[in-house]
Novice: 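Here it is, the structure in full.
First listed ligand is number 1; within each ligand, the first listed atom is number 1. Quantities reported herein were computed from a predicted structural model and do not represent experimental measurements.
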Amino acid sequence: MKDRENVKVESYHWDKQCSSGKKQSPITLTPDTSEGKTFPPFTFDGYDQLYNANIKNNGHTAVVNLETSKRPMLAGGGLDGVYVLDSFHFHWGSEHLEGDKRYAGEIHLVHYSNKYKDLSQALTVGRVAVLGVFLYLSPDDYEDLAPIITAVRQIQQQKVRLNVPVAIQRLELDDFLPHDRAGFYRYEGSLTTPNCTEGVTWTVFTNGLPISSHQLRTFTQLTTEENTLLTTNYRPVQELNDRVVYLKVS
Ligand code: SG7
Ligand code: ZN
């Protein structure tokens, strides 16, 4: 027993660069231990439009940026005002657990309050909101993910260097959110990559999206700065401490 406790698992090797706080992410989510609460519905503006975009391997994940001057906007859902989309990215192996279940993956759509000029400004005052969408294993490819998968494969096969963008045509954000967004968990947490800054309002939808094992495998071929395979890229779950997790009841 003693020996096992001393074994250090370092699949997520950048965790030690994280600040230590009492409101860290991700966490375990459970319907039973969440507090039921009513929230107004979200409103999404610009999520049904087609955008040209680009995707990069930042050494931790594949990040998608839209090429537009008019950022998609999110409001409602108990958020204080209007939030705009910065970018979205993927985790293979979900970061949040539901009960003891780790999903195949998780999409994070990172937003910040439109009262600030960019994500880093909003981060200093805790006005960042991330939408999390679980990806569950499916026997069939999820067609809406195909343009992403193709671009990720291109990054890997053509050995595109870190942070060099690869173009993607005609993305629709609605494809990366569940159709039914009525149910979600809500809690106050942090970014899950260094420095793991707190002040992030998390929304994790109870409905997920499908992904095939073949599609999932493409992500696991990406490499880090040290040229090692990113076989998984989730941060381990953190202590809840004295936080409350809310579960939307309609
Ligand atoms: C990914 O996860 C990127 C980061 C993101 C980080 O590495 O998407 O974003 C950029 C612009 O590189 O960090 C500040 C930020 O959004 C952490 O995001 S997460 O907490 O949602 N996993
Ligand atoms: Zn993330």
Novice: Polar contacts were defined as any N/O atom of the residue lying under 3.5 Å from an N/O atom of the ligand; does this apply to Trp202 and ligand 1?
Specialist: no
Novice: Using a strict cut-off of 4.0 Å, indicate which atoms of ligand 1 neighbour a heavy atom of Glu95.
Specialist: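 The atoms of ligand 1 under 4.0 Å from a heavy atom of Glu95 are 22 (N).
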Novice: Of the side chain and backbone of Thr192, name the one, both, or neither that has a heavy atom under 4.0 Å from an atom of ligand 1.
Specialist: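 Under 4.0 Å from ligand 1, Thr192 contributes backbone and side-chain atoms.
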Novice: Looking at the rings of Phe184 and Tyr246, which for Trp means the six-membered one, are their centres under 6.0 Å apart?
Specialist: no
Novice: Please check atom 10 (C) of ligand 1 for a protein heavy-atom neighbour under 4.0 Å.
Specialist: no
Novice: Flag the pair Tyr83 / Tyr112 as yes when their ring centroid distance falls below 6.0 Å, and as no otherwise.
Specialist: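 No, the ring centres sit 6.0 Å or more apart.
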Novice: Is the terminal nitrogen or CZ of Arg127 (NZ for Lys, CZ for Arg) located under 6.0 angstrom from the six-membered ring centre of Tyr116 and within 45° of that ring's axis?
Specialist: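 Judged by the rule (NZ or CZ under 6.0 Å from the ring centre, within 45° of its axis), Arg127 is not positioned above Tyr116.
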Novice: Is Asn58 close to ligand 1, meaning an N/O of one under 3.5 Å from an N/O of the other?
Specialist: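 Between Asn58 and ligand 1, an N or O pair is found under 3.5 Å apart.
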Novice: Relative to ligand 1, is Leu119 under 4.0 angstrom through side chain, backbone, both or neither, heavy atoms considered?
Specialist: side chain
Novice: To check you understand the geometry: which heavy-atom pair defines the closest contact between Val64 and Ile148, and what is its length?
Specialist: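 Nearest heavy atoms, Val64 then Ile148: CG2-CD1, 3.8 Å.
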Novice: What orientation do Phe42 and Phe44 show, parallel under 30°, tilted 30 to 60°, or perpendicular over 60°?
Specialist: tilted
Novice: Please classify the Asp86 to ligand 1 contact at 4.0 Å (heavy-atom distances, strictly less than): side chain, backbone, both or neither.
Specialist: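 Looking at Asp86 and ligand 1, just side chain atoms fall under 4.0 Å.
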Novice: Validate the cation-pi geometry between Arg170 and Tyr51: distance from NZ or CZ to the six-membered ring centre under 6.0 Å, angle to the ring axis within 45°.
Specialist: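 The answer is no, since Arg170 fails at least one limit relative to Tyr51.
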Novice: Of the side chain and backbone of Leu191, name the one, both, or neither that has a heavy atom under 4.0 Å from an atom of ligand 1.
Specialist: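 Answer for Leu191: both.
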Novice: Have Ser25 and Tyr187 got a donor and an acceptor in their side chains that come within less than 3.5 Å?
Specialist: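 There is such a pair between these side chains.
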Novice: Kindly confirm or rule out a cation-pi arrangement of Arg153 over Phe219, judged by NZ or CZ under 6.0 Å from the six-membered ring centre and within 45° of its axis?
Specialist: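 The answer is no; the distance or angle limit is not met.
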Novice: Within the structure provided, determine whether Thr223 and Thr228 are in side-chain contact (heavy-atom separation under 4.5 Å).
Specialist: no
Novice: May I ask whether His91 places a heavy atom under 4.0 Å from ligand 1?
Specialist: yes
Novice: Please indicate whether any nitrogen or oxygen in Ser190 is less than 3.5 Å from any nitrogen or oxygen in ligand 1.
Specialist: no
Novice: Would you check if there is a donor-acceptor pair between the side chains of Glu172 and Tyr47 at a distance under 3.5 Å?
Specialist: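 No donor-acceptor contact under 3.5 Å links the two side chains.
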Novice: With nothing but distance in play, are any N or O atoms of Ser87 less than 3.5 Å from an N or O of ligand 1?
Specialist: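 N/O-N/O distance under 3.5 Å: no.
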Novice: Answer yes if the side chains of Glu106 and Tyr234 hold a donor-acceptor pair under 3.5 Å, and no otherwise.
Specialist: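 Note: Glu106 and Tyr234 side chains miss the donor-acceptor criterion.
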Novice: I want to confirm something. Looking only at heavy atoms, which of His108, His60, His89 is nearest to atom 18 (O) of ligand 1?
Specialist: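 Selected option, by shortest heavy-atom distance: His89.
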Novice: Are there any protein N/O/S atoms under 2.8 Å from the Zn ion (ligand 2), and if so, which?
Specialist: His89 NE2, His91 NE2, His108 ND1
